[in-house]
Amino acid sequence: MRTSLIYRNATVYELLMRALYGRYYSARYRAVEELVPEGASVVDLCCGPATLYTRYLRHKSVDYTGLDRNDGFVAKIGKAGGRGEVWNLHADIPLPEADYLVMQASLYHFLPEPGPVIDRMLAAARKQVIIAEPVRNVASSQNRVLAALGQRFTAAGDGVQAHRFTEETLDEFFRAYAPRVVRQSLIAGGREKLYVLSA
Ligand SMILES: C[S@@+](CC[C@H](N)C(=O)[O-])C[C@H]1O[C@@H](n2cnc3c(N)ncnc32)[C@H](O)[C@@H]1O
């Protein structure tokens with residue numbers, strides 16, 4: 001299974017994300033930026049083109065590492081001042097340690113068993129794990145054409161992603177982590193839900 005077009009080209013990816021999130025595009029990154037203090041270390045799982053770093057965290061002098069299976073995305077992170085590593089996050093190996101382990105818009109790639117990747121994030125985090133996940137998206141639209149496009153465009157290379165979270169299923173998943181949840185809130189105009197877990 002080939003990686004979809006959106007994941008092969010950073011410019012195409014950003015254009016589609018901007019189209020999808022509209023005026024809430026920046027808000028989804030700012031919600032995470034606000035949680036990360038100056039000088040902190042951050043490991044960003046499924047970092048894509050590392051927009052979180054290049055536009056929102058770099059000015060805070062964070063020590064940034066982006067992990068993604070897409071070598072095209074990862075290659076550019078070093079030039080931008082961070083570290084990038086090609087990493088298949090389905091692999092059951094410990095993650096690099098950092099103050100904050102972050103994952104944006106990618107937990108659905110680990111369905112139907114997203115627990116192991118969250119557990120590896122918790123094991124590697126010194127302070128917090130930050131997850132921002134779409135809970136209203138085109139891939140689960142009742143419009144079949146839109147849904148098919150959304151699923152095709154976000155295939156990461158291991159098959160079409162037919163399943164996404166809704167707010168209810170995401171809340172249900174994180175109930176198992178209730179003692180660690182320090183914050184949960186809708187962000188980006190209700191398109192994503194933010195969960196912050198203490199390490
Ligand atoms: C929707 S993008 C999110 C990118 C970025 N976090 C953002 O919010 O802009 C999902 C990313 O997850 C990556 N990805 C999907 N499955 C992966 C896996 N098993 N291991 C590593 N990266 C993966 C894709 O290559 C893609 O860059």
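Model, not experiment: these values are computed from the prediction. Note that ligands are numbered from 1 as they come in the structure, with each ligand's atoms numbered from 1 the same way. For reference, positions follow the sequence shown, starting with 1.
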J.: With heavy-atom distances below 4.5 Å as the criterion, would you say the side chains of D44 and L67 are in contact?
T.: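 Answer no - side chains too far apart.
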
J.: At the 4.0 Å heavy-atom cut-off, does R28 count as touching ligand 1?
T.: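 Right, R28 reaches ligand 1.
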
J.: For ligand 1, which is the ligand I care about here, please tell me if F73 has any N or O atom under 3.5 Å from one of the ligand's N or O atoms.
T.: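 F73 vs ligand 1: no N/O contact under 3.5 Å.
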
J.: Among L52, L16, D68, which one has a heavy atom closest to atom 26 (C) of ligand 1?
T.: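 That would be D68.
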
J.: May I ask whether T51 has any heavy atom positioned less than 4.0 angstrom from an atom of ligand 1?
T.: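 In this structure, T51 fails to qualify as a contact of ligand 1 - no heavy atom is under 4.0 Å.
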
J.: Would you list the pairs meeting salt bridge (charged side-chain N to carboxylate O under 4.0 Å, His left out) in which at least one residue belongs to residues 49-62, sequence neighbours left out?
T.: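 For residues 49-62: E14-R55.
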
J.: When you compare ligand 1 with Y108, is there at least one nitrogen or oxygen pair between them that comes in under 3.5 angstrom?
T.: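 There is no such contact.
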
J.: Would you check if Y25 and L20 make a side-chain contact, meaning some heavy-atom pair closer than 4.5 Å?
T.: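 Sidechains of L20 and Y25: no contact.
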
J.: Flag the pair R28 and E192 as a salt bridge only when some basic side-chain nitrogen lies within less than 4.0 angstrom of an acidic carboxylate oxygen.
T.: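 A salt bridge is present here (some side-chain N lies under 4.0 Å from a carboxylate O).
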
J.: With the side chain counted from C-beta on, respond yes when E133 and K193 share a heavy-atom pair under 4.5 Å apart, and no when they do not.
T.: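 E133 does not reach K193 side chain to side chain.
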
J.: Can you sort out which atoms of ligand 1 are near N88, meaning under 4.0 Å from one of its heavy atoms?
T.: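 Matching atoms, with element in brackets: 18 (C), 19 (N), 20 (N).
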
J.: Specify the closest pair of heavy atoms between G48 and D68, including all atoms of both residues, with the distance to one decimal.
T.: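 Closest approach of G48 to D68: N-OD2, 2.8 Å.
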
J.: Using a heavy-atom cut-off of under 4.0 Å, does the side chain or the backbone of R69 touch ligand 1, or both, or neither?
T.: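 Both the backbone and the side chain of R69 come within reach of ligand 1.
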
J.: Less than 6.0 angstrom separating the ring centers of Y108 and H163, yes or no?
T.: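 Ring centres of H163 and Y108 not closer than 6.0 Å.
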
J.: Ignoring angles and geometry beyond distance, decide whether D44 reaches within less than 3.5 Å of ligand 1 through its nitrogen or oxygen atoms.
T.: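 In this structure, D44 places no N or O atom under 3.5 Å from an N or O of ligand 1.
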
J.: Report yes or no: is the cationic atom of R183 (NZ for Lys, CZ for Arg) under 6.0 Å from the centre of the six-membered ring of Y195, at an angle within 45° of the ring normal?
T.: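 No cation-pi geometry.
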
J.: Which ligand 1 atoms, with their elements, are less than 4.0 angstrom from a heavy-atom of S106?
T.: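 By the 4.0 Å cutoff, the relevant atoms are 3 (C), 10 (C), 11 (C), 12 (O).
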
J.: Which of the numbered atoms in ligand 1 are below 4.0 angstrom from a heavy atom of W87?
T.: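 Ligand 1 atoms under the 4.0 Å threshold to W87: 20 (N), 21 (C).
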
J.: So is there a nitrogen or oxygen of L45 less than 3.5 Å from a nitrogen or oxygen in ligand 1?
T.: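 No, no N or O pair falls under 3.5 Å.
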
J.: Taking CD in E38 as the centre, count heavy atoms belonging to other residues, nucleotides or ligands within less than 6.0 Å. Is the count above 12?
T.: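 Count over threshold, so yes.
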
J.: What part of C47, side chain, backbone, both or neither, has a heavy atom within less than 4.0 angstrom of ligand 1?
T.: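 For C47, only backbone atoms sit under 4.0 Å from ligand 1.
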
J.: Please list, in number order, the atoms of ligand 1 under 4.0 Å from a heavy atom of G48.
T.: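 Close to G48: 4 (C), 27 (O).
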
J.: Is it the side chain (CB and beyond), the backbone, both or neither of C46 that lies under 4.0 Å from ligand 1, heavy atoms counted?
T.: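 Both of them.
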
J.: Below 4.0 Å, non-hydrogen atoms only: which portion of Y29 touches ligand 1? Side chain, backbone, both or neither.
T.: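 Near ligand 1, Y29 shows its side chain, while the N, CA, C and O stay back.
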
J.: Donor-acceptor pairs under 3.5 Å, side chain of residues 71-85 to any protein atom, not counting sequence neighbours: which ones?
T.:
from	atom 1	to	atom 2	distance (Å)
R83	NE	T65	OG1	3.3
R83	NH2	D63	OD1	2.5
R83	NH2	T65	OG1	3.3

